[in-house]
Amino acid sequence: GESVGLHLPTLSVQEGDNSIINCAYSNSASDYFIWYKQESGKGPQFIIDIRSNMDKRQGQRVTVLLNKTVKHLSLQIAATQPGDSAVYFCAEIYYNQGGKLIFGQGTELSVKP
Amino acid sequence: EPEVTQTPSHQVTQMGQEVILRCVPISNHLYFYWYRQILGQKVEFLVSFYNNEISEKSEIFDDQFSVERPDGSNFTLKIRSTKLEDSAMYFCASKTGTGYEKLFFGSGTQLSVL
């Protein structure tokens with residue numbers, strides 16, 4: 001079915017530490033995944049994406065890992081900063097359904113100074 | 001960076017009233033979407049729109065909902081007779097294609113149905 005879910009609803013880390021946010025997806029046919037960041041009162045903001053022909057992709061301070069065998073996605077944030085505090089969603093694209101995104105439940109990341 | 005613009009930012013209405021939520025997608029985008037987010041929950045897909053017609057809609061998008069692109073710049077979501085459970089943040093989004101392009105979201109309209 002259409003389901004992208006997250007393992008943990010909240011994550012609290014110390015400033016400067018690395019954060020790892022996890023996501024499980026159920027549609028084995030999905031081939032494009034995106035991580036979004038949502039700050040309070042704002043719309044989701046694109047962070048990083050990955051296609052299914054890759055297992056790792058790096059951005060600025062962020063890395064996304066994809067394990068298609070177990071249908072698992074993770075977002076790693078290096079040297080977490082207070083400005084990283086937000087809710088993080090993974091999402092997958094359904095190309096044969098108008099290109100819609102299906103979002104996971106979200107993980108709230110809190111960064112302690 | 002170009003932005004998706006939504007108005008109003010907050011809308012309060014009485015149950016049974018009609019509301020229209022407005023969006024101006026990014027100018028060269030061709031695919032438009034509405035999503036909603038009930039407080040504390042995930043973002044849920046409502047509808048996708050391309051070439052002046054709905055290309056996909058969810059179970060949430062029933063006969064009370066409609067979308068329109070009345071001119072070359074606006075994209076609207078209408079709820080004909082609002083219910084209490086329609087209270088949510090509504091996000092408009094747009095992208096250039098259905099492939100590996102970024103989906104840009106607006107800041108949302110917070111709809112409160114009393």
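Just so it is clear: chains get the letters A, B, ... in the order the sequence lines come, proteins before strands, and each one is counted from 1. Excluded from the calculations below are hydrogen atoms, water molecules and symmetry mates; all remaining heavy atoms, backbone and side chain alike, are included.
No part of K57(B) comes within reach of chain A, as not one of its non-hydrogen atoms sits under 4.5 angstrom from that chain. Of the two parts of Y50(B), neither the backbone nor the side chain holds a non-hydrogen atom closer than 4.5 Å to a non-hydrogen atom of chain A. For L101(A), the parts lying under 4.5 angstrom from a heavy atom of chain B are both the backbone and the side chain. Using a 4.5 Å cut-off between heavy atoms, Q38(A) contacts chain B through its side chain alone, with no backbone atom that close.
More than 12 non-hydrogen atoms from other residues, nucleotides or ligands lie less than 6.0 angstrom from CE of M54(A). Other residues, nucleotides and ligands place no more than 12 heavy atoms under 6.0 Å from the CG atom of D63(B). For CD of E3(B), the number of neighbouring non-hydrogen atoms (other residues, nucleotides, ligands) closer than 6.0 Å is 12 at most. Atom NZ of K42(A) has 12 or fewer heavy atoms from other residues, nucleotides or ligands within 6.0 Å. Counting heavy atoms of neighbouring residues, nucleotides and ligands inside a 6.0 Å radius, atom CD of Q14(A) exceeds 12 of them. The number of heavy-atom neighbours closer than 6.0 Å to CG of L84(B), taken from other residues, nucleotides and ligands shown, is above 12. By the 6.0 Å contact criterion, NZ on K56(A) is open, its count of non-hydrogen atoms from other residues, nucleotides or ligands being 12 or less. More than 12 non-hydrogen atoms from other residues, nucleotides or ligands lie less than 6.0 angstrom from CD of E85(B).
Once rounded to the nearest 0.5 Å, the distance linking CD1 of I102(A) with NZ of K42(B) reads 7.5 Å. Taking OH of Y36(A) as the start and NZ of K102(B) as the end, the distance is 9.0 Å to the nearest 0.5 Å. Of the inter-residue distances, the one linking K95(B) atom NZ with F46(A) atom CZ reads 10.5 Å to the nearest 0.5 angstrom.
Nearest heavy-atom pair across F89(A) and Q41(B) is CZ-O, 4.4 Å. Closest heavy-atom contact between G43(A) and F91(B): CA-CE2, 3.2 Å.
When the side chains of ILVMFWY residues are joined at heavy-atom separations under 4.5 Å, either directly or via intervening members, F65(B) and V67(B) end up in a single hydrophobic cluster. The same ILVMFWY cluster, assembled from side-chain heavy atoms under 4.5 Å apart, contains both I48(A) and I50(A).
Between chain A and the residues Q37(B), E101(B), M89(B), the most heavy-atom pairs under 4.5 angstrom are made by Q37(B).
With sequence neighbours excluded, the residues that form a ring-ring contact (aromatic ring centres under 6.0 Å, His included) with F75(B) are F32(B), W34(B), F49(B).
For residues 105-112 of chain B, heavy-atom neighbours of chain A at less than 4.5 Å comprise F105(B), G106(B), S107(B), sorted by residue number.
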